[in-house]
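Report on one structure; see the data block that follows.
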Amino acid sequence: MIQNHFQVCAGIRFVLLHVICQDFDRTVKLSDQRIAWILQSSRGRSSMSPPAQPQKSPSPSQPSGKGEVSDLKLQLRQLAGSRAPGTDDAKRELFKKVISYMTVGIDVSSLFSEMVMCSATSDTVLKKMCYLYVGNYAKGNPDLALLTINFLQKDCRDEDPMIRGLALRSLCSLRVANLVEYLVGPMGSGLKDNNGYVRTVATIGVLKLYHISSTTCIDADFPSMLKDLMLNDPDAQVVANCLSALQEIWSLEASTSEEASREREALLSKPVIYYLLNRIKDFSEWAQCLVLDLVVKYIPSDSNEIFDIMNLLEDRLQHANGAVVLATIKVFLHLTLSMTDVHQQVYERIKAPLLTLVSSGSQELSYAVLCHLHLLVMRAPILFSSDYKHFYCQYNEPFYVKKLKLEMLTAVANESNTYEIVTELCEYAANVDVPIARESIRAVGKIALQQYDVNAIVDRLLQFLEMDKDHVTAETLVLVKDLLRKYPQWSHDCIAVVGNISSKNVQEPKAKAALIWMLGEYSQDISDAPYILESLVENWEDEHSAEVRLHLLTAVLKCFLRRPPETQKALGAALAAGLADSHQDVHDRALFYYRLLQYNVNVTERVVDPPKQAVSVFADTQSSEIKDRIFDEFNSLSVVYQKPSYMFTDKEHRGPFEFSEELGSLSVGVESAHNVIPAQRVDANDNDLLLSTSEKEENKGPSSNGSSYNAPVYDGSISLTVSQTQTETPYSSPALPTQASQSTLAIDDLLGLGLPAAPSPVPPPLKLNVRAALDPNTFQRKWGQLPVSLTQECSINPQGIAALTTPQVLIRHMQGHSIHCIASGGQAPNFKFFFFAQKAEEPAGFFLVECVINTSSSKAQIKVKADDQSTSQVFSDLFQSALSKFGKL
Amino acid sequence: MISQFFVLSQRGDNIVFRDYRGEVPKGSAEIFFRKVKFWKEDGEEEAPPVFNVDAVNYFHVKVAGLLFVATTRVNVSPSLVLELLQRIARVIKDYLGVLNEDSLRKNFVLVYELLDEVIDFGYVQTTSTEVLKSYVFNEPIVVEAARLPTLGPAAMFMQGTKKMPGTAVTKSVVANEPGGRKREEIFVDIIEKISVTFSSSGYILTSEIDGTIQMKSYLTGNPEIRLALNEDLSIGRDGRSIYGYSSSAGAGTVILDDCNFHESVHLDSFDVDRTLTLVAPDGEFPVMNYRMTQEFKPPFRINALIEEAGSLRAEVILKIRADFSSSITANTVLVQMPVPTYTTRVSFELEPGAVGNTTDFREANKRIEWGLKKVVGGSEHTLRAKLTLSQESHGNIMREAGPVSMTFAIPMYNASRLQVRYLQIEKKTKTHNPYRWVRYVTQANSYVARI
């Protein structure tokens, strides 16, 4: 198939073949030397399309790719036995050609045996090319790969350490399972080699072997040899490789072996961490990052230790490599989470290095750092309020950088800097760069929504409307609408300006909808509102957006309720058009309004146009839990994507350093008959999920993770300062569990959902599915997505406390009540459980519970999340009653 | 942990391709290239350096018109991978002398040798040009640097000034020179990128200098080098000094907001006499990066005016003044200004006797461009442009145009006044006296005047 797709024309250099084809990646490729051009189509992918024919082909008879490969084959054979002078040079040229074909994606695996035959050479360059080739194709030719074993093994005993290392690396890279027996011997001697280079190769080799055949690797006892090397080898790179390899091996093994999870935890023991930290400067900058990633997970026993570590790492913040600096910052941030003052000092300390990294280095690097700065600014805007000038956009920055900067500017705006920030934003709004102009207007709007004193900002927004640029007008209208919902007192000024806007100049659906909403809502203040609406109704057919048509229906009806005689005609036309509308929602709404009006106009008014309460806080787009999650994953892609890792990675690829120390102490709910989950499946990343309690005393517990435990303490303080200045929605910060129930209710209110604040007096009986099943992945996803619908604390009777010797007892008990455990952990006095239950006749009706029991205080804290929030109180009652029966026979 | 590394040309061809872990399906290079080429997400036209397609993360940096790409499935540190890509590009450049598509294609076997040692099974082993020397056996095939697009800031030293041996900066660290003997030399470049925003009335709204002291060493035997900076240099503003605040900090002193250093730099005597001690590794590397927001005198003053001149006509007057010594010459100066989108035609009028000026109206993005090959210190230049408009501007023309932006490079000029007082190389023998080059250059990063 591939051979059809390339032609080779020999003897021509630098002739551009003109290829007529639509597929953009049908490319013209230059190989080297004598054969000048290889024309190749999109590497077999588009094998259905006809092969590209060069229009101005320089030679009518072109040898096919296949011919070329067999040509090479022939030449290689001739050279294989030759000992003539210059043979090596000729071989080099041939090998180069083979490798260049390989690079562009041409299959040259048929040359395998010839390549191996030619590899009997003392020329290192040749050897290396041959190794590269063999490594690429051995997997597909396991039988032929056997041919290479002999010379590779021989090279592993060469006197030149370079050759030994190279051969060992190639041997490990064959990726052929039935050849592993040949690997064990050379690997064993490689690990003991007196040359550091060979040992670095061998340590990574162990990991390669593990991936080919884990049993061979474990049986040969290589991991414990690595452990030994890690603690004793004088070569820092050997130590670093041992650490990488062991982290990967133990995390993968931990699912099946308790010993492995113990080993994995042992990597985080004080002696290991101190040993690595003390030699941090011996490591290469990359290995330093590796060590720092490990240190993040270490839990110091007291604050002295924390300060020692920070002092030791202080100068890493001045490193020119951004990766080292960010890894260090992560250590600092996570170590100090429980110490509010120091944590704040850390923010102050890291500001300058971060800003320096943002402005030095390439655009790509500065983007990666800026994403992290963005995260910190969003977490603690107040600490950055005097640095706002650093977030001004430069004209030549790409959109993704400007967007981050605008968000940061919005976040840090407070009384003292708002004027300057808004002035700057107005410059961007007038800019020729349309996407940025739009973002800037939105930013001004957001600042207006979060400030008390919006006087000046409203004026600016209204000036935007006078700029007479369509995109500016459109964005501004949407914002003015939001502003009016929050500050109805501004309606007079706004309406005066909005009333002057010709609806013909507003085309974007969102903006049009906003304008129509205002026309309806303020129809009594806009003298010609009925007529504007009428003309809009007349053009019903030309209105493509269903959203706009829906708004139009409502607005006309509101206008009618206030100014009936003037609007009657428009209303009739709108209802008629709506009833005939092909869009289901529009049709239904029109019909609904029609019947409502038929029934009673007063009721209609109560339904459609009730007196409104001003919105005080708009809902945040991202839950605080997700934000915390991202913060825990500082210095990873999560920060760049602004999503926690479970949203974009496969389970098995969460990363070598993502293994979690918690798992060792968390046994999984094996009792649950349908959920026999290997520990590994409870995601390694979910430390925070599994242990997000706010009990400070657990700090020192062996299973605690500094970050998640103390986060609420820190956040509490920040959210306090935040709410004082109104720079962010006060409810976006994670509230302490005791406040949570209030805040959920408050949010419900704000959203105007009108949910009853208290459960209805006679709740319908709730039946749970006895055989409910939920896999940990889904559990975890749901837990991340659903809001906490209830937080409660209840007491546990003394019998229950007495019975709670191990988590398993309670798990079994709850299962009897159709409440299943998915993960549990802890030891006296603190136990932690994750339960789930499912409504009997409803496959989607899941309840998720986090339950933390403190046996010394006999209290249980319960957090409930539910697919159907209206039943969470009922479920919680059920849960508590089940819990209260625990221990009673 | 990296799964694959590859380099793509501008057309999307694989120039080198290395799969380290075999976890990412084949065809990733194509998926990547399509995505970058046709990027369109939330109104963006340009792909960010990191993105995710089907649980595979793609990282890329653009160097010399080439795309250096890494893929992984793991949630790794983005800075680590991007730093690494940048570093790989630099190491390759150290070896090939010149980094471009041609040199890479000619030397791909050597590049594979490097890649084998830099990363093993996805884990970084070393990126030190020096350490790698012992693993590289191919001789680089040197490509002529002439007439190639300029690469990086060093390239500008090759223009105009005769003082520098132009080939030196594009010399491979391993290639032998025609004479057979290596020339002992070391280059220290102080490169400053300045950002200034002027308000419409000419006030400076924001200004910043981002500087790098870049070193490229061709010295044998790794001698110790002492690099002395201004004695009164102080670091950390607002008393937030990291190194102890110098009380003499007053007028005339150079105050850096912050700086960072290369690994090899020892700061033992930095507190005392502002000297950096280092054993320079082979190849190019930044000794120190610094950032300064202290006020400085901007090298150019920009005056821009746009006004209506009758119906459907407007006039733009651009004036630049070079505010530096007449012994210094700025080169590759380019002034750009967006004009109203309904501009249809522009006619330019230069001062009589103006040489080396180019003017252009970029119809596609409605921008006028004014290029000046050389601007001597102290001189002033004016451009008048007459615009023909297709609609009335309703007195709004000021809002429809600008801001004016400017790019330039000024050799032997540095805005921060940070200086290398001396560059001392530890002597191995009496006759050992390597060439030392200390060069300054200031470039515009974002140099903007609002109107």
Side-chain angles (χ1 to χ4, degrees), chain A residues 25 27 29-30 32 45 96 99 103-104 124-125 128-129 132 200 204 207-208 237 244 284-286 289 318-323 326 352-353 355-356 359-360 362 364-365 367-369 389 392 394-396 398-400 427 430 432 435 467 635-638 640 645 648-650 653-656, chain B residues 1 11-14 16-17 22 27 30 33 43-44 46 48-50 52 55 57 61 73-80 82-83 86 105-106 108-109 112-113 120-121 123-126 135 137-138 195 206 208 210 212 257-263 286 289 291 338 396 399 403 405 446 448 450:
Chain A
D25 59 3
T27 46
K29 295 199 187 306
L30 169 67
D32 58 315
R45 188 187 47 77
K96 261 191 181 176
I99 303 283
T103 302
V104 297
T124 323
V125 176
K128 288 177 95 168
M129 283 196 269
L132 181 67
T200 53
I204 289 290
L207 185 57
K208 291 178 187 165
Q237 192 55 41
S244 307
S284 76
E285 49 204 308
W286 315 105
C289 296
Q318 257 171 275
H319 205 288
N321 185 328
L326 282 176
L355 288 169
T356 305
S359 48
S360 61
S362 71
E364 294 92 355
L365 291 173
Y367 170 66
V369 179
K389 281 197 178 178
Y392 283 0
Q394 296 180 348
Y395 79 100
N396 50 358
F399 178 80
Y400 48 79
E427 287 288 342
V432 286
M467 273 168 64
N635 193 24
S636 79
L637 289 166
S638 312
V640 176
S645 59
F648 62 88
T649 20
D650 304 339
H653 292 295
R654 296 280 155 81
Chain B
M1 195 165 61
R11 292 169 316 216
D13 313 341
N14 284 357
V16 287
F17 185 97
E30 269 178 48
F33 190 69
E44 299 183 41
E46 199 178 338
V50 187
N52 181 300
N57 302 299
V61 301
R73 286 184 170 277
V74 178
N75 187 18
V76 291
S77 157
S79 338
L80 187 135
L82 293 170
E83 287 269 4
Q86 205 80 49
R105 283 194 189 276
K106 286 210 167 83
F108 72 97
V109 179
Y112 273 124
E113 277 193 286
D120 196 3
F121 206 54
Y123 291 103
V124 191
Q125 300 297 304
T126 179
Y135 307 123
F137 293 89
N138 279 288
S195 301
T206 56
E208 181 168 315
D210 301 313
T212 303
D257 288 33
D258 184 51
C259 56
N260 61 36
F261 302 95
H262 187 261
E263 284 210 292
N289 296 309
R291 183 167 55 82
N396 246 347
R399 288 182 187 269
S405 61
S446 165
V448 173
R450 291 179 177 155

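A, B, ... follow the sequence lines: proteins, then strands. Residue 1 opens every chain. What's counted below: heavy atoms across the whole structure, side chains too, no hydrogens, waters or symmetry copies.
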Please classify the contact between L207(A) and chain B as side chain, backbone, both or neither, with a heavy-atom cut-off of under 4.5 Å. both
With a 4.5 angstrom heavy-atom cut-off, which part of D210(B) approaches chain A: side chain, backbone, both or neither? side chain
Any idea which heavy atoms bring S446(B) and N396(A) closest together, and the distance? CB-OD1, 3.9 Å
Assess the side chains of N635(A) and S77(B): does a donor N or O sit below 3.5 Å from an acceptor N or O? yes
To check you understand the geometry: which heavy-atom pair defines the closest contact between P78(B) and S636(A), and what is its length? CD-C, 3.4 Å
Of all heavy-atom pairs linking E83(B) and G322(A), the shortest is OE2-N, 2.6 Å
Given a strict heavy-atom distance threshold of 4.5 Å, which part of Q86(B) is in contact with chain A: side chain, backbone, both, or neither? side chain
Hey, which of A430(A), S360(A), S359(A) has the most heavy atom pairs under 4.5 Å with chain B? S359(A)
Gap between atom CZ of F121(B) and atom CD1 of I204(A) - 0.5 Å precision: 8.0 Å
At a 4.5 Å cut-off on heavy atoms, which part of Y395(A) comes close to chain B: side chain, backbone, both, or neither? both
Scored by heavy-atom pairs under 4.5 Å with chain B, the best of I99(A), L365(A), V369(A) is L365(A)
Measure distances from T206(B) to the heavy atoms of chain A and classify the residue's part below 4.5 Å as side chain, backbone, both or neither. side chain
Let me know if K208(A) has heavy atoms under 4.5 Å from chain B in its side chain, its backbone, both or neither. both
Chain B heavy atoms under 4.5 Å from F648(A): which part of the residue, side chain, backbone, both or neither? both
Do E46(B) and Y400(A) have side-chain heavy atoms sitting under 4.5 Å apart? yes
Distance col, row S284(A):OG vs Q125(B):CD, nearest 0.5 angstrom, shows 8.5 Å
Can you tell me which portion of V50(B) sits under 4.5 Å from chain A's heavy atoms? Options are side chain, backbone, both or neither. both
Check whether K128(A) reaches the backbone of Y135(B) with its side chain - one donor and one acceptor, N or O, closer than 3.5 Å. yes
Is any side-chain heavy atom of P353(A) closer than 4.5 Å to a side-chain heavy atom of D258(B)? yes
Output the option from L82(B), L80(B), D120(B) having the highest count of non-hydrogen pairs under 4.5 Å with chain A. D120(B)
Working to the nearest 0.5 Å, report the span between NZ of K96(A) and NZ of K106(B). 10.5 Å
Give the minimum heavy-atom separation between A352(A) and R291(B), together with the two atoms involved. O-NH2, 3.1 Å
Region of L326(A) that comes under 4.5 Å of a non-hydrogen atom in chain B: side chain
Can you name the nearest heavy-atom pair linking N138(B) to V125(A), along with the distance? OD1-CG1, 3.2 Å
Nearest heavy-atom contact between T356(A) and N260(B) is CG2-ND2, 4.0 Å
Considering only heavy atoms, which portion of Q237(A) lies under 4.5 Å from any heavy atom of chain B: side chain, backbone, both, or neither? side chain
Which bit of V109(B) comes within less than 4.5 Å of chain A, counting heavy atoms only: side chain, backbone, both or neither? side chain
Tell me, out of S195(B), P338(B), P403(B), S405(B), who's got the most heavy-atom pairs with chain A below 4.5 Å. S405(B)
